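Encoded as structure tokens, the structure appears first; notes follow it.
Note that the structure is predicted; figures quoted are calculated from it, not measured.
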Amino acid sequence: MSPASASYIKNFKVLRVYCKIMKYYGNHNNILSMFSTILICKIQKICFYSKGYKLDGTIYLPDDYQPGEKRPAIIPNSGYQGFNEFYPRLFARNLTQAGYVCLGFDYRGFAKSEGDKGRVILDEQVEDIINAVSFLQAQSEVNPDQVGLLGWGMGGSNVVRVAAKDKRVKAVAALNGFFD
């Protein structure tokens, strides 16, 4: 069995256990917090600003990261609800195992980020992602010339829009998105 197949099977088993627990307890936020030390080993809570709003986030580092290294980085972006604790955290788990530094954050108005609660304006989320790129490029762990974006759902549309206007973004992946 290849290492990639073994990793997939391991991740699938973790997902099956997670689904059983979620079905029993019914609240994924509490479960994700409970498993955060299993899912991600090295995390740094951070904040940065976007158009005057303080956004809450997390930098996820690979287990084998050594101080002074500059690694490629990816910003996984959530869809409609914009919560770092769900899709960005789950994507960061696998991406850090592949050696990437990741930045997950809550769009303005979601979770602990400042802004009007529940407000969903895609142009504002695009601004938040552009400011996340600026923040991430300034981090000592990151190679500023190797920053990519990943978007899930509505986040897929957002990352395509950012990549089209911001040449600092070197790679983009849109998953389960909708586009015009």
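With a 6.0 Å radius and a threshold of 12 heavy atoms from other residues, nucleotides or ligands, Lys165 has its NZ atom at or below the threshold.
A donor-acceptor pair under 3.5 Å is formed between the side chain of Asn77 and the backbone N or O of Ile75. Between the side chain of Gln137 and the backbone N or O of Ser134, no donor-acceptor pair lies under 3.5 Å. Distance alone, capped at 3.5 Å, places no donor-acceptor pair between the Glu124 side chain and the Val120 backbone. Looking only at distances, no side-chain donor or acceptor of Lys117 sits under 3.5 Å from a matching main-chain atom of Glu114. For Gln44 (side chain) and Ile59 (main-chain N/O), no donor-acceptor pair under 3.5 Å exists by modelled atom type. A distance-only check finds no donor-acceptor pair linking the side chain of Thr58 to the backbone of Gly104 [under 3.5 Å].
Counting only heavy atoms from C-beta outward, the side chains of Thr96 and Tyr65 never approach each other to under 4.5 Å.
Side-chain contact check for Asn131 and Ser50: at least one donor-acceptor pair (N or O, by modelled atom type) lies under 3.5 Å.
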- Item | Leu55 vs Asp106, side chain to side chain contact (heavy atoms under 4.5 Å, CB included): CA-CA, chis, key distance, verdict | CA-CA 6 Å; Leu55 305 185; Asp106 300 313; over 6 Å; no

- Task: Tell me, with the steps shown, if Arg108 and Asp116 meet salt bridge (charged side-chain N to carboxylate O under 4.0 Å, His left out).
- Result: CA-CA 7 Å; Arg108 70 180 82 170; Asp116 297 333; over 6 Å; no

- Message: Test side chain to side chain contact (heavy atoms under 4.5 Å, CB included) on Phe91 and Leu175; report intermediate values, then the result.
- Response: CA-CA 11 Å; Phe91 284 118; Leu175 308 172; 3.8 Å; yes

- Test side chain to side chain contact (heavy atoms under 4.5 Å, CB included) applied to Lys42 and Tyr60, step by step: CA-CA 6 Å; Lys42 292 183 181 180; Tyr60 303 95; over 6 Å; no

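For the residue pair Asn158 and Leu122, the shortest heavy atom distance occurs at OD1-CD2, 3.8 Å. Taking both residues in full, the closest heavy atoms of Leu103 and Pro76 are given as O-CD, 3.3 Å, listed atom of the first, atom of the second, then distance. Shown here for Leu61 and Glu141, the closest heavy-atom pair between the two residues is CD2-CG, 3.9 Å. Residue Ser113 comes nearest to Tyr107 through the heavy atom pair CB-O, 3.5 Å, listed as atom of the first residue, atom of the second, then distance. When all heavy atoms of Phe110 and Gln125 are compared, the closest pair comes out as CE1-NE2, 4.1 Å.
Between Asp64 and Arg71, at least one side-chain N (NZ, or NE/NH1/NH2) sits under 4.0 Å from a carboxylate O, which counts as a salt bridge. The pair Asp128-Lys51 fails the salt-bridge criterion, with no side-chain N (NZ, NE, NH1 or NH2) lying under 4.0 Å from an Asp/Glu carboxylate O.
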All N/O donor-acceptor pairs, side-chain side in residues 142-155, below 3.5 Å, sequence neighbours left out:
{"unit_1": "Asn143", "atom_1": "OD1", "unit_2": "Asp145", "atom_2": "N", "d": "2.9"}
{"unit_1": "Asn143", "atom_1": "ND2", "unit_2": "Gln146", "atom_2": "OE1", "d": "3.1"}

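Each of Val101, Ile74, Leu90 was evaluated against Leu95; a single residue qualifies, Ile74, per the side-chain contact (heavy atoms from CB on, under 4.5 Å) test.
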